[in-house]
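When a ligand or atom number is given, it counts from 1 through the structure's own listing order. Just so it is clear, the model here is predicted, and its values are computed rather than measured.
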Amino acid sequence: MKIVVVGGTGLIGSKLVNKLRERGHEAVAASPNTGINSITGEGLADALKGASAVVDVTNSPSWEDAAVLKFFETSTRNLLAHEAAAGVGHHVALSVVGTDRLLESGFFRAKLAQENLIKGSSIPYTIVRATQFFEFVKPIADFSTVGNQVRLPPALFQPMAAEDVASALVGFATNSPVNGTVEIGGPERFRLDEAARRDLAARQDPREVISDPQARYYGVGLSERTLVPNDDARLGEMHFEDWLNQSTKQAPKSASQPA
Ligand SMILES: NC(=O)c1ccc[n+]([C@@H]2O[C@H](COP(=O)([O-])OP(=O)(O)OC[C@H]3O[C@@H](n4cnc5c(N)ncnc54)[C@H](OP(=O)(O)O)[C@@H]3O)[C@@H](O)[C@H]2O)c1
């Protein structure tokens with residue numbers, strides 16, 4: 001199958017492109033870096049010729065309220081219009097578990113606008129809502145840092161490896177459209193503050209993580225279950241501890257390096 005991965009040079013996109021190619025599919029990594037731009041439309045018509053599916057794993061360069069809304073609306077409209085013109089029969093988009101519970105944030109209002117444009121279009125679709133990536137735990141901690149302290153609420157949290165997100169997307173992109181929303185998450189559920197504490201400890205980062213029920217998540221007040229997926233979510237395989245061990249282990253020194 002020819003599958004166009006828009007955002008194909010990003011964290012999820014690059015893994016998805018590799019996995020599709022390993023399985024013998026023709027995967028096109030579409031992004032401004034490869035001359036294909038979902039905002040300006042540059043390169044889209046050529047890229048989409050003969051494609052069976054388009055997977056949208058783009059992200060906005062700016063998360064400022066107006067900019068992120070403009071990005072996801074413009075990008076999604078352009079993709080859907082080009083897909084209709086090229087006869088593409090499946091639009092897959094990566095969104096976030098709990099998007100409709102996080103609307104105090106401009107980023108999530110933009111993701112909901114993206115989802116609604118897809119649902120309102122004529123293109124058969126699958127919206128895949130994922131929980132936070134393991135790779136995103138440190139950025140969450142960084143965003144919530146003041147001085148040497150990280151304040152996070154003890155909300156339930158079920159993050160997953162980017163690798164597992166990409167594997168799930170392979171399955172959705174190469175199967176029939178669901179014409180609905182599916183959820184994916186990690187294999188374990190713990191607390192947001194605990195995840196940040198474990199992540200920073202594994203990196204020997206001296207910041208102190210404080211459990212604070214009043215602390216906000218990107219400006220949003222969380223309840224116990226805001227970030228957790230539905231009971232029927234498909235779960236990834238990789239455990240946080242294994243991922244931390246892998247991603248924080250020191251690269252072995254080469255022979256030419258001083259000991
Ligand atoms: N972070 C999380 O925990 C989480 C959880 C669930 C879902 N998600 C969603 O997952 C998606 C992908 O996230 P990610 O972390 O993989 O993103 P990322 O690493 O930031 O990659 C973003 C990609 O979008 C591309 N892009 C930017 N502007 C574009 C344009 N005008 N036209 C085409 N491509 C463009 C970038 O291309 P260049 O490299 O050329 O700039 C890059 O390939 C996002 O929509 C996000 O909302 C994230």
Sub-3.5 Å pairs, protein N or O with ligand 1 N or O:
from     : atom 1 : to   : atom 2 : distance (Å)
ligand 1 : 3 (O)  : F133 : N      : 2.8
ligand 1 : 16 (O) : L11  : N      : 3.4
ligand 1 : 16 (O) : I12  : N      : 3.0
ligand 1 : 19 (O) : L11  : N      : 2.8
ligand 1 : 24 (O) : N59  : N      : 3.2
ligand 1 : 31 (N) : N37  : OD1    : 2.8
ligand 1 : 32 (N) : S38  : N      : 2.9
ligand 1 : 32 (N) : S38  : OG     : 3.0
ligand 1 : 37 (O) : T9   : OG1    : 3.4
ligand 1 : 39 (O) : T9   : OG1    : 2.8
ligand 1 : 39 (O) : N33  : ND2    : 3.2
ligand 1 : 40 (O) : S31  : OG     : 3.0
ligand 1 : 40 (O) : N33  : N      : 3.1
ligand 1 : 40 (O) : N33  : ND2    : 3.1
ligand 1 : 43 (O) : G7   : O      : 3.2
ligand 1 : 43 (O) : T9   : N      : 3.4
ligand 1 : 43 (O) : T9   : OG1    : 2.7
ligand 1 : 43 (O) : G10  : N      : 3.0
ligand 1 : 45 (O) : T58  : O      : 2.7
ligand 1 : 45 (O) : K111 : NZ     : 2.8
ligand 1 : 47 (O) : K111 : NZ     : 3.3

Under 3.5 Å, which donor-acceptor pairs do the side chains of residues 81-91 form with other protein atoms, sequence neighbours left out?
from : atom 1 : to   : atom 2 : distance (Å)
H82  : ND1    : N78  : O      : 2.9
E83  : OE1    : H91  : ND1    : 3.0
E83  : OE2    : H91  : ND1    : 2.7
H90  : ND1    : N175 : O      : 3.3
H90  : NE2    : T126 : OG1    : 2.7

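- Residue K19 qualifies as enclosed at atom NZ: its count of foreign heavy atoms under 6.0 Å is above 12.
- Within the cation-pi definition used here (under 6.0 Å to the ring centroid, within 45° of the axis), K111 qualifies as a partner of F72.
- None of V6, I127, L169 except one satisfies the side chain to side chain contact (heavy atoms under 4.5 Å, CB included) rule with V92; the exception is L169.
- For F240 and F190, the ring centers sit closer than 6.0 Å to each other.
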Evaluate I140 against Y218 for side chain to side chain contact (heavy atoms under 4.5 Å, CB included), listing each step before the verdict. CA-CA 8 Å; I140 293 172; Y218 288 94; 4.0 Å; yes
